[in-house]
Every structure is written in structure tokens, then in C-alpha cells.
Colleague: 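If you scroll down you'll find the structure; I have some questions about it.
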There are 2 protein chains.
Amino acid sequence: MAVRDRRETVLRVIIEEYITTAVPVASNAIVAKHGLRVSPATIRNDTAYLEQEGYVVRPHRSAGSVPTDRAYRYYVESIEGDVELPYVEQYLLHRMFQDAQEELEQWLKTVAGFLADLVHNLVVITSPKAVRCRFKHLDLVALQDFVSLLVVILYEAKIRRQVLSFNRKVSQDELTKMANRLTSIYEGMTGTEILARQEGLSSEERQISQCLAETIAAEDKLEFGEPYLEGLRLLLSQPEFTGGPGMLQILELLEGEDWLRSIFSQEFGRGGVRVVIGEENPEPALQDLSLITGRYGVPDKASGIVGVIGPKRMDYVKAISSLNCLTALLSNSVAEYI
Amino acid sequence: MAVRDRRETVLRVIIEEYITTAVPVASNAIVAKHGLRVSPATIRNDTAYLEQEGYVVRPHRSAGSVPTDRAYRYYVESIEGDVELPYVEQYLLHRMFQDAQEELEQWLKTVAGFLADLVHNLVVITSPKAVRCRFKHLDLVALQDFVSLLVVILYEAKIRRQVLSFNRKVSQDELTKMANRLTSIYEGMTGTEILARQEGLSSEERQISQCLAETIAAEDKLEFGEPYLEGLRLLLSQPEFTGGPGMLQILELLEGEDWLRSIFSQEFGRGGVRVVIGEENPEPALQDLSLITGRYGVPDKASGIVGVIGPKRMDYVKAISSLNCLTALLSNSVAEYI
DNA sequence: ATTTAGCACTCTTCCCTTTTGACTGCTAAT
DNA sequence: ATTAGCAGTCAAAAGGGAAGAGTGCTAAAT
């Protein structure tokens, strides 16, 4: 075997071994593990080279090798493309999609929990969000004399509600009439289209359509759908978190204002899965972690995000392959819905 | 001062000192802190007595005192009744309630976060839930030829949605008519009342009202509203959690199936605030913690729960007084809404 | 009957040293 | 290019005071 090849093998073994054990990998462990027909001394020469090239570091002068960000990056690039989820797990995921999808929220939570157990890490899924919301239906319900509830139904069965105060007492009858009228006028329109189509409306109707447009605009402005988070316990029970301050950093991030943005700040590539390793991430609290994100949905229509958050030492193969499989399945579901 | 009185004072000082420092309390610290005109030796006699009575334990033979569950229980009983939140904080809370309450969910989250920061612990608030939901309004929106979305609006502006499949193609016009008809028939009714009032309905209408009743029944069956959880980072950054397995226990509990029930399993007393200390709690994962819960709302109408979860060593005075204040304010809000 | 001073005793914590075992780095031979 | 062998390095574990904090007990004082 050529030296170059063996060195790559050694690096791969180091990475995979470290991923499963979380312990610096010794040269004889490498020989024992992969059954290479060379002596540990040879491996040591190789790891020395790998260290020089920045693929591994060691905690101290006489310790085994631990992979650097660069090594993980190399590893991820090398596996990308030819990763497939084991059949059993593919099957389970498919099964999951055949089962009732009654309540989207509950369903996404379940999926997130399942994935979290699969990859043994924290999983975030955001509900699908339309790029440009279109109005489908509205409804007005009298709450008190001057106050009523505006219920807006958007395509994809998304519901928003808003309380409206009128200047005069408006009966439920009147409200129903206005709701029907406005629904028939605006059905299928976007927020801006609604604003552009105001002629011939009564003062109250104008107020309603104003509020409607605002609601839709607010919805459009959101970058993400509702996030569902599962598997925090799995992430935080990883050995790298016991004792250190890293855990609190994560908790603080997760309870912070818009953590979704700081996590998913990176642009997405093609349709595929993105991997952000350690310090590649601009967010300091995440620089000891890796992030694997995929987008599902129909491009330029509606989409959501699925992300796995784990230590840099994570099972990239499993995470990437599950995400590939899951985003495909979710995309199908969304496509059907639209 | 009588001996009995002094011993109570000593116990109180031990508890309060331990609450703030999390360190076993030494006899001379007690003298220094409270300025009692006796020597440490006297205090030692007192703590020996308290230990015998089961109010304090010590980590080892020559360590200071730490309060037992029993001590905390005594302490809580002794303060109950005459705790008032400092004016500044009362003011802040009141302010919070004057500010816009646009979106209930967002609002409760904010309140929970505020309270969490106040008591430096984990806070759970559940949204108010009616004991017996009453129907207010429904709406039907065509999704596909045979499929439509049933939107149910309950009193308290609560919205539920459900997908319905008919046996034939139903137009939006028809749907609207049915929605109006059913709304006018059922407005104000409970689930069982709706089921009892089926005569004169078309087959589709019966199907809808069936589904409506189920939705309401499902809502009635829920024990709690939607939970909002804030301050996990505050709880887990308490010194008792660094390193130990306690943290993971909590995370597991919180990600478990129906943790709300296991937390709030205890019956509530009068309208007041309940305190469950350590092993008083049947749930093993919570036996190192204390739980302070209050119910807000209008009895037999609609109510929700506010809970503070912290180490046994927590600021009971602040927690109880904030909860008293908060539940009163929330109850007012709910009363207005009904 | 309480309270107190004094002192011996206990136990943790901190720091230092030693030992052990796991690995590597290097060198010289293959 | 590879390997055996061995010296060197380092972390983690184990041991051993020494210091410090704090109590328990006893005998005397109030």
C-alpha cells in the first residue's frame, strides 16, 4: 500500500475511533483496530506527519492523537455523497411517515425525538414556512362589543390570530358578512397584493385588511417556522460536557433571544446537507460543537430546517445520512401539501 | 431570651444562611450573622439539639449544619402568610401587566422569563385552561375536493384545527353555509351538549359536529394548558448540579412524556401557593428539589399553573411572594377575559 | 440550669511527592 | 520505508503531611 494511502487510512481510523471512544487514539490501538500489516512505530511516523499537517493534535507530548477541525472537515468531504442510512433505520423512518400525521406540531416533535435518539444528539426541526405567505381565508369572531378576534388562515393550514378593536359596536352578523366578503376578494393574495387592493371597502373593512396585511407581512418576515427541539439530554450527557462550562453556554444560547438565527446563520448550499465544524461557526458558544443542517421543502415555496447539534466528535456518517433521508421524506410531505 | 426562642432563631439563621451560601453553617458564623449575645459554644449546644430533633444534619462530624427537609418545611410554615414581595418587584410585575398582551403565548413566555430571573430558578407557566370548554365559533376551509380544514374557536380565543375528509366533493360555498349554520346552533355549548343536539342535520353536518365534539372533548380531557418553561440555565447553574447526575435526571424528566403531571401531581390546597420540599415529592428525580406551585384563574371556570422549580435550598420567601403576587395578577387577567 | 472558655479531636482541603502506566520520539538496524 | 528497542514524557492515581475550619466535651462561671 502506498504511503499516502496508508496515511489517509490512519487518519480515518483515528477519527472514527475518536468519535466512538472520545479518548485520544494510540498508535497500537490503530494497528489493532484496522489490522494494518505495519508496526505501531510506522503509525507513529504517520501520525507525526498528520500532526505536522494540522490534522491531529495531542493533549500532551506522549498522548494519542485527537482529530482537529481540519480532520473532521476532510473526513466529512470524503464521505459526502456515498452515505446511506442502514436499511432498518430507513425503514423505520418511512414507517413513521406512513403513520397518521394528524397534528403537525405533535408530529414534528415526534420526528425530532426519533432523530435525536438515532444520532444521540440534540435535534432541531422548524415547521415548514412559506417564503411568501398567501392568504386563504379569514374569520371574525366577536369577543366584546368593540373588540373582535381576527382569525387568519394561510395556505398550508397555518393559522394566526389577532385582536382587533373597532370604533363602534359591530355585530357578529356584520362581522361574518365582512369576513366572507374579504375572503372572496383576497383569497390567494400575498400581503403586498392585499395592501394594493383597498378600493371600495368600508372603514372597518379597511381596518381589517390592514391588520390582515400586517399579520401576513409579519409572517413573511420570519426567517424560520416554529422550532421543535428534542434530545437536549443526549447532547448534554456527552462526556465533553461533564463539569465544564460548555453546558451552561449552550443552555444560555438556547434560552436566548433568537438562537435560531445564530445557529443557522450560515447560508445553505444546494439542496444537500451542510456541515459546520467547530470554529467554522461564527457563534462562540458553538465552537466546540458541530452542526449538521438540512433544508427540506419546495425551493422558493415553503421550507423548513432540520439540524443536528452535537460535539465535533459526532457520528457524521449517521447524522448526514439520516438527514438526507429525512429531508427527502419531509420534502415529499410538503410537496403533497402545497 | 428564652432557650426555645433562641433555638428557633438559630434554626432560621441556619436556613437563611445556607440558602444564600450553599455551605454548611458554622456556629460562629451564626453568632456573627445574627448578632446574638451568646457565645458559639451555646449555639453548638443548640445545633446539637436541632440535629437530634432532625432539623439539621452535618456532612461529617466536624462540619457546620445544613438544614433537612424538615427544617425547610418548618421554615415555610413559619413564613407563610406574611410574605410580601418588595415594592420594586411588585411594581415591575404590575408594569408588565399593563404592557401590551398582544399574543398570549409570547406574553406568558415573557412573564415566565421574568419570574425565572427574579427567583433564579426554573419557572413553568401553563396557559389558562377552561375546566369545561365552550364552543364559540367554527369555520370550514376547503383544502382539496374531499378534504377540508375545520377551525374551532373556543371561548378565551383558543383555536384548534382538525382536518376532515368527506365522502363527496364539497364546495367552499357549501362549507361556509354549514359553518354558519352550525355556529349559530352550537354557540356557547359544551362538548356533551353538542353531541346531544344532532337532529335535523345533514350527513356532512353530523360528521362535522361529531368532529367538533371530539375536539372539545379532547381539550376538556387535558389536565393542563400549554406549558412555557424558562430559566433552565438558572436552575442548572446552581452549585448542587455541577458534576453530579442530578442534572441529567432533570433533563430526562423534562423531555419525558408527561412530565407536567409528574411535577404537578399533588393536589392544590385553597387558592394559595403550595410548597413541596424534597422527598415530600413522589417523583424520584425531584427529590433533591423543591417545588413551589400556584394556581391562577377563576375556580371551576379556567385556570393555569405557575411553578418554580429549584434546589431545596431556594429563596422560599421570594418564590412564595412572587407567586402570590403573580397568580393574583394573572387571575385578574383571566377574570377579565372570561 | 445555662452559659462559657479552653482544648483536644475530627475531617476536609490543599499541596506536594512518588509511582505507575500509557505512549511517543528517536536511533540504529533491516 | 519500515521496524525493534529503549529512553523520555506526561497524566492520572495514590500517598502523605500540614493547615484550617469547626465541633464535642469538660469543667468552671453565672
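Keep in mind the model is a prediction, meaning the values are calculated, not measured. Chain naming here is simple, since letters A, B, ... match the order of the sequence lines and numbering starts at 1 in each.
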Colleague: Check whether any side-chain heavy atom of A:L11 sits under 4.5 Å from a side-chain heavy atom of A:D46, and report yes or no.
Modeller: no
Colleague: How long is the line joining CZ of A:R37 and C1' of D:dA1, in whole Å?
Modeller: 17 Å
Colleague: Could you check if a side-chain atom of B:Q238 sits within less than 4.5 angstrom of a side-chain atom of B:M314, using non-hydrogen atoms only?
Modeller: no
Colleague: Please lay out, stage by stage, how A:K312 and A:E240 fare under the test salt bridge (charged side-chain N to carboxylate O under 4.0 Å, His left out).
Modeller: CA-CA 10 Å; A:K312 291 192 291 195; A:E240 23 270 285; over 6 Å; no
Colleague: May I have the distance from B:Y49 (atom OH) to C:dA1 (atom P), rounded to whole angstrom?
Modeller: 16 Å
Colleague: OP1 or OP2 of C:dT3 sitting under 4.0 Å from any side-chain N/O of B:S39?
Modeller: no
Colleague: Indicate the atoms forming the closest heavy-atom contact of B:L36 with B:V10, along with that distance.
Modeller: CD1-CG2, 4.3 Å
Colleague: Which nucleotides of nucleotides 11-30 of chain D have their base under 4.0 Å from a protein heavy atom (B), which only their sugar-phosphate (S), and which neither (-), written as one string 5' to 3'?
Modeller: S----------BBB------
Colleague: So, does A:R6 get its side chain near the phosphate of D:dT2, meaning an N or O under 4.0 Å from OP1 or OP2?
Modeller: yes
Colleague: Quickly work out the A:Q52 CD to C:dT24 P distance and round it to whole Å.
Modeller: 17 Å
Colleague: Looking at A:E77 and A:R73, is there a salt bridge between them, counting it only when a charged N and a carboxylate O are closer than 4.0 Å?
Modeller: yes
Colleague: For B:I43 and C:dA5, give me the distance from atom CD1 to atom C1', rounded to whole Å.
Modeller: 15 Å
Colleague: Parallel, tilted or perpendicular: which describes the rings of B:Y55 and B:Y74, with under 30° parallel and over 60° perpendicular?
Modeller: perpendicular
Colleague: Starting at atom CG of A:D5, determine the distance to atom C1' of D:dT2, rounded to an integer number of angstrom.
Modeller: 17 Å
